[in-house]
Amino acid sequence: KENLAQTVCKCLHLDCPEPDIKGWEDMVNSIKNLNKEVTVALVGKYTALHDAYISVVEALKHGGVYNSCDVTIKWIDSETVTPETADELLSDVSGILVPGGFGDRGTEGKIEAIKYAREHKIPMFGICLGMQMSVVEFARHVAGLEGANSSEFGDTPYPVIDIMDSQKDITEKGGTMRLGLYPCKLADNSRCAEIYSAPQNLIRERHRHRWEFNNEYRKLLEDKGLMLAGLSPDEKLVEIVELPKNVHPWFVGVQFHPEFKSRPNRAHPLFRDFIRASIEYSEFGEKI
């Protein structure tokens, strides 16, 4: 409206065609006319500083705009989630997101939140450490591996999450991590294959971590019902786990950080579908 484009183009001696901002206008119009509401619990260890999860928060909002939905985030400190408090903290939400992080503080609370989501069939989205804790929760409470955990947190009889072989002799973090964009092959019958609709079921996502799904437990956990929905193209690394649709309405854990690729006018497919599932849960509960 203030003709900035024309002024700049005139200074640069460039032609100034009429800008096409229809996509932007459509997005703004959508934001101004949200007609649904949903509450999602964000269960993390850094919730006292909301900006620690700013990318996740924005990606949830992007998913909300795509679904014409106003997303309310219920901030839950994972250290406060116990078997005794879980129902009080989580019974009023329609989706549970467990984000990434480092260190063992608050991880038992994350596991308890994931257990609550699995047992109550609430849509659950685990990202990085959240995915790893979903594997730990499944190993403990479905596969019967009592004391299962990540080796990041010390000795465990069942290290279902372990450090990469290539990193075991390296003690410093940072540049030694698996960082950046990596390809992932989606299982044909997986929920994620349906969500992404990618050519040849091949996607690329951004990573930032050292610990991985321990391949020694692949067969056992698969036999107990955990779906390995995404693998590295050489099938050496597990990137996505799911619970089958006939077991849970929406339960996905990803080793990568999809929030980094989400945009206001182009919500990431996983956040789009997580919010869709959360809306359906808010309307129909376990019927979905």
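Given the structure is predicted, the values throughout are model-derived calculations rather than measurements. Along the sequence shown, residues carry numbers from 1.
For A267 against G63, the heavy-atom pair with the smallest separation is CB-N, 3.9 Å. Shown here for H268 and E205, the closest heavy-atom pair between the two residues is NE2-OE2, 2.6 Å. For G44 against K110, the heavy-atom pair with the smallest separation is CA-CE, 4.0 Å. The two atoms that bring N201 and A193 nearest to each other are OD1-CB, 3.7 Å, heavy atoms only. Summarising the geometry of L42 relative to P99, their closest heavy-atom pair is CD2-CG, 3.8 Å, with the distance given to 0.1 Å. Of all non-hydrogen atoms in I127 and P258, the two that sit nearest each other are CG2-CD, 4.2 Å.
Salt bridge status for E79 with R105: present, with a side-chain N to carboxylate O gap under 4.0 Å. Contact check on R140 versus E137 returns no salt bridge, with no Lys/Arg side-chain nitrogen under 4.0 Å from an Asp/Glu carboxylate oxygen. Using a 4.0 Å cut-off between charged side-chain N and carboxylate O, K61 and D70 make no salt bridge. Taking 4.0 Å as the cut-off between side-chain N and carboxylate O, E119 and K115 count as a salt-bridged pair. Under 4.0 Å is where a charged nitrogen must lie from a carboxylate oxygen, and between K245 and E194 at least one such pair does.
Residue S150 holds its OG atom at 7.5 Å from CG of L129, rounded to the nearest 0.5 Å. Between the CD1 atom in I203 and the SG atom in C192 there is a gap of 7.0 Å [rounded to 0.5 Å]. Distance check: L90 CG to T39 OG1 gives 12.0 Å after rounding to the nearest 0.5 Å. The distance from the CG atom of L228 to the CD atom of E242 is 10.0 Å, given to the nearest 0.5 Å. Atom OG of S78 and atom CG of L89 lie 11.0 Å apart (nearest 0.5 Å). With values rounded to the nearest 0.5 angstrom, S94 atom OG is found 8.0 Å from I122 atom CD1.
Within the 4.5 Å cutoff, no side-chain heavy atoms of C184 are placed close to those of L202. For the pair E239/H207, a side-chain contact is recorded, criterion being any heavy-atom separation below 4.5 Å from C-beta on. The closest side-chain heavy-atom distance from L231 to V238 is below 4.5 Å. At a threshold of 4.5 Å between non-hydrogen side-chain atoms, the residues K10 and C16 do not count as touching. Annotation: side chain of V135 is not in contact with side chain of Y217 (no heavy-atom distance under 4.5 Å). Residues E2 and L4 have side chains not in contact (no heavy-atom distance under 4.5 Å, counting atoms from C-beta outward). Residues R276 and R272 have side chains not in contact (no heavy-atom distance under 4.5 Å, counting atoms from C-beta outward). Residues L97 and V43 are not in side-chain contact: their nearest non-hydrogen atoms beyond the backbone lie 4.5 Å or more apart.
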Test side-chain contact (heavy atoms from CB on, under 4.5 Å) on V81 and I76 and set out the steps. CA-CA 8 Å; V81 185; I76 297 179; 3.6 Å; yes
Going through the distances and angles, do E222 and R218 end up as a salt bridge (Lys or Arg N to Asp or Glu O under 4.0 Å)? CA-CA 6 Å; E222 280 191 288; R218 263 199 205 185; over 6 Å; no
Let me see the working for T107 and K45 under side-chain contact (heavy atoms from CB on, under 4.5 Å), right down to the final yes or no. CA-CA 8 Å; T107 53; K45 60 175 73 178; 4.2 Å; yes
Applying side chain to side chain donor-acceptor pair (under 3.5 Å), run through W211 and D162 and close with a yes or a no. CA-CA 5 Å; W211 276 265; D162 200 7; 4.8 Å; no
Let me see the working for M124 and W250 under side-chain contact (heavy atoms from CB on, under 4.5 Å), right down to the final yes or no. CA-CA 6 Å; M124 200 295 296; W250 209 98; 6.0 Å; no
side-chain contact (heavy atoms from CB on, under 4.5 Å) between V40 and V93: does it pass, once the steps are laid out? CA-CA 6 Å; V40 171; V93 303; over 6 Å; no
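Residue D234 qualifies as enclosed at atom CG: its count of foreign heavy atoms under 6.0 Å is above 12. Annotation for K36: atom NZ counts as buried by contact number, over 12 foreign heavy atoms lying within 6.0 Å. In the displayed structure, Q6 atom CD is contacted under 6.0 Å by more than 12 heavy atoms of other residues, nucleotides or ligands. Within a 6.0 Å radius of CH2 in W24, other residues, nucleotides and ligands contribute 12 heavy atoms or fewer. Other residues, nucleotides and ligands contribute more than 12 heavy atoms inside 6.0 Å of the OH atom of Y196.
Cluster annotation: I279 is connected to I73 through the hydrophobic network of ILVMFWY side chains, with a link wherever side-chain heavy atoms come within less than 4.5 Å. With hydrophobic clusters built from ILVMFWY side chains whose heavy atoms lie under 4.5 angstrom apart, V98 shares a cluster with I111. In the hydrophobic cluster analysis, where Ile, Leu, Val, Met, Phe, Trp and Tyr join through side-chain heavy atoms closer than 4.5 angstrom, I21 is grouped apart from L14. Residue M131 is not grouped with residue F260 when hydrophobic side chains (ILVMFWY) are merged at heavy-atom distances under 4.5 angstrom, including chains of intermediate members. Residues M27 and I275 are members of separate hydrophobic clusters, defined by side-chain heavy-atom contacts under 4.5 angstrom among Ile, Leu, Val, Met, Phe, Trp and Tyr.
A donor-acceptor pair under 3.5 Å is formed between the side chain of T156 and the backbone N or O of G147. With hydrogens and angles ignored, the 3.5 Å screen pairs no side-chain donor or acceptor of R266 with any backbone N or O of K261. A donor-acceptor pair is defined here as one N or O able to donate and one able to accept, closer than 3.5 Å; no such pair exists between the side chain of S262 and the backbone of E259. In this structure a side-chain-to-backbone donor-acceptor pair under 3.5 Å is missing from D26 to V28. Put simply, the side chain of T72 never gets that close to the backbone of E37: no donor and acceptor are under 3.5 Å apart.
For N29, the side chain to side chain donor-acceptor pair (under 3.5 Å) test picks out N33, with sequence neighbours left out.
Ring pair H248/F251 is perpendicular by interplanar angle, where above 60° counts as perpendicular and below 30° as parallel.
F271 and F125 have their aromatic ring centers within a separation under 6.0 angstrom.
Here the rule is side chain to side chain contact (heavy atoms under 4.5 Å, CB included) with L221, and of V241, N214, L226 only L226 fits it. Of the residues listed (N189, L243, V247), the one engaging M227 in a side chain to side chain contact (heavy atoms under 4.5 Å, CB included) is N189, and it is the only one.
Looking at N149 and Y158, their side chains never bring a donor and an acceptor atom within 3.5 Å of each other.
Annotation: cation-pi geometry not satisfied between R206 and F256 (NZ/CZ under 6.0 angstrom from ring centroid, within 45° of ring axis).
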